[in-house]
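Data block below; observations after.
Only this structure's heavy atoms are used, side chains among them; waters, hydrogens and symmetry mates stay out.
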Amino acid sequence: MRLTKQKRLSGQKGLSGQKGLIGAFIRSAAYERRFLAKNPWDLSMVLWIPLATVLLIWWIFSQIQITDLPIGVMDKDRGPIANTAVRYLEANPNLTVRQLYHSPAAVEAALLQRDIYAVVIIPEDFSRNISSSKPAPIVLQVNAQYGTHSGIIQTSVQSVIGTLSAGVEIQRLVKQGMAPSQAAIAYSPIGIQRISLFNAATDYQQFLASTVIPALLHILAMVIGATTIGRELRDKQIGRWYDFIESGHPDLTSIEANTKNDIKNDKTIAASTSAADNKTSVIDNKPRKASISVLLSGLLGKYFWPTLAYSLWSILALWLATPQQAVAISSIMATYVGLVLLMMLSFWLGAIFTLTSFSLRMGLSSTGFISAPSYAFAGVTFPYIAISDSAKHWSDALPLTHYLKLHIAQLQMQAPVAISLPIVYGLTLATVIAMFLAALLSKRALAHPERWGAR
């Protein structure tokens, strides 16, 4: 027991003996490591929750294409051509005919219960009208509340009915004595050749999962940024934290030593320590004249472990996003650097929101307001060019928007790296500015102890 205490005290003296900015960084990192070791929830935000988020999102989109969307059919004709239409609908890989309905009430109930997302209505005399060369429309009623579902269903049904219509018309022309090849040209003299330039396989892992993961990590990183410095303000420990990173005193690592020797620092008015529950309560109302350079080093140390962890999760996210296609190593490196910069910027922005308001609650609310809807403004699911001018200004102010532009350009479009370098430079500049702003706000917070303790 005595040997263990001697080792711990020697380690504490080593921390206290570190001088300068490197010492402030090391002491702050050690301070944060001890806190994370004793607080499983905060450790989970750094380790297990982001890991689970990455794996869960990738598993959700493990089926890379949307297939077998359930639809219903109401066949009022029941003729041979109508039966052919139903078979064609069932054969389409994107659709599955869940059930044949016989009443509008049953169709409405199935739509409301989401048993089906659309219904194809084949009217009476459908086959007879076709045989008589009369218009024979088929009605598609689709639940447009689900944009992705309805878009796929409409495209697939249109393709099926177009194929059926072409076959019927070509057969009619052939019966009139026209050669099959000429009949095909006569029916559709102008054709369209579709060439998918990017994501030709309509891979939803590539389209959504690879971009949703950075968005969720961005949210978690901002929460960590807000809570890491916010808890020091909330618990009135920010002054004690600064004293420790500046000089190693008061010694936060030695509860027993504080109890025995009643250590008092000239920067701490009063400190009471309970060795029984291994907790330290501090009454501290003295302002500090803090050094910006020491604060900057201390904050870098405080966010060292989250930065390290999220750098690893960034590697995992990009590793999952790239094996489907050959991507240049330069593109992967540019994307990785951009993602790490986004995570770091998220930490600092969370800290800025909390330090600005002197309240952890307000800091968390601000991070949620900024980060949670940012994916909707990023131009991935809704076209950037189609949003209003005011929404564009808001989108341009969000760091996630710029990172996703880099991500899509490099990993999905395989654009030259030079196109995305301005984004990397911009994220770097924003991160550096945010770091210094967080240090300035920390200096202001240390000068106003009367505002510590706000929830």
Side-chain angles (χ1 to χ4, degrees), residues 20-21 23-25 27-32 34-35 39 42 221-252 258 263-273 279-304 306 344-371 430-455:
L21 301 182
F25 173 86
R27 284 190 291 270
S28 185
Y31 176 99
E32 192 65 18
R34 287 191 297 269
F35 178 87
N39 293 270
D42 293 86
M222 289 194 73
V223 171
I224 291 176
T227 55
T228 299
I229 193 65
R231 62 174 179 258
E232 306 296 345
L233 284 170
R234 179 196 61 195
D235 300 335
K236 300 183 179 181
Q237 295 290 310
I238 188 169
R240 189 172 173 83
W241 166 75
Y242 178 76
D243 293 343
F244 178 66
I245 66 168
E246 183 187 36
S247 59
H249 298 287
D251 193 347
L252 304 182
N258 285 346
I263 297 176
K264 293 184 179 180
N265 190 281
D266 59 346
K267 296 182 179 179
T268 305
I269 292 181
S272 60
T273 303
K279 292 183 179 179
T280 304
S281 60
V282 179
I283 302 173
D284 189 348
N285 295 312
K286 185 176 181 180
R288 270 78 168 176
K289 293 182 179 180
S291 166
I292 292 294
S293 57
V294 172
L295 272 175
L296 188 58
S297 297
L299 288 171
L300 286 171
K302 196 167 185 60
Y303 288 100
F304 171 75
M344 295 178 64
L345 181 58
S346 302
F347 294 142
W348 296 115
L349 288 177
I352 288 171
F353 291 138
T354 299
L355 291 167
T356 300
S357 61
F358 281 88
S359 169
L360 177 58
R361 182 182 67 248
M362 289 299 297
L364 289 173
S365 299
S366 300
T367 59
F369 176 77
I370 296 296
S371 61
T431 302
V432 172
I433 293 174
M435 287 168 51
F436 280 97
L437 183 56
L440 290 173
L441 290 172
S442 298
K443 179 180 177 69
R444 187 192 69 161
L446 287 166
H448 295 279
E450 71 279 2
R451 300 190 63 180
W452 301 349
R455 295 291 170 178

Heavy-atom closest pair (A434 atom, W348 atom, distance to 0.1 Å) is CB-CB, 3.7 Å
Taking the side chain as every heavy atom from C-beta outward, state whether F353 and T356 have any pair of such atoms under 4.5 Å apart.
no
For the side chain of R27 and the backbone of E246, is there at least one donor-acceptor N/O pair under 3.5 Å apart?
yes
Spacing of OG1 belonging to T431 relative to CG belonging to L345, to within rounding of 0.5 Å
4.5 Å
Testing the basics here: between A290 and L446, what is the closest heavy-atom pair and its distance to 0.1 Å?
CB-CD1, 3.5 Å
May I ask you to check whether S359 and S357 show a side-chain donor-acceptor distance below 3.5 Å?
no
Less than 4.5 Å apart, side chain to side chain, heavy atoms only: is that true for R231 and D42?
yes
Donor-acceptor under 3.5 Å (T367 side chain, L364 main chain):
yes
What is the minimum heavy-atom distance between A439 and L295, and which atoms define it?
O-CD1, 3.5 Å
I'd like to check F358 versus E450 (side-chain heavy atoms, cut-off strictly below 4.5 Å). Are they in contact?
no
Could you tell me the separation between the OG1 atom of T354 and the CZ atom of R361, rounded to the nearest 0.5 Å?
11.5 Å
Please confirm whether the backbone N or O of A24 pairs with a side-chain atom of S28, one donor and one acceptor, at under 3.5 Å?
no
Can a donor-acceptor pair be found, under 3.5 Å and without considering hydrogens, that links the side chain of Y303 to the backbone of I224?
no
Please lay out, stage by stage, how Q237 and Y31 fare under the test side-chain hydrogen bond (donor to acceptor under 3.5 Å, both in side chains).
CA-CA 12 Å; Q237 295 290 310; Y31 176 99; 5.0 Å; no
Minimum heavy-atom separation for L349 to M222, with atom names?
CB-CE, 3.9 Å
If you take all heavy atoms of I245 and V294, which pair is closest and at what distance?
CD1-O, 4.0 Å
I292 side, atom CD1; S297 side, atom OG - distance, nearest 0.5 Å
11.0 Å
Nearest heavy-atom neighbours spanning F25 and G301:
CD1-N, 3.3 Å
Is there a side-chain contact between L355 and L233 (heavy atoms, below 4.5 Å)?
yes
From L299 atom CG to M435 atom CE, the distance as rounded to the nearest 0.5 Å
9.0 Å
Euclidean distance, F369 CZ relative to M362 CE, rounded to 0.5 Å:
11.0 Å
dist H448:NE2 -> I238:CD1 (nearest 0.5 Å) comes out at 12.0 Å
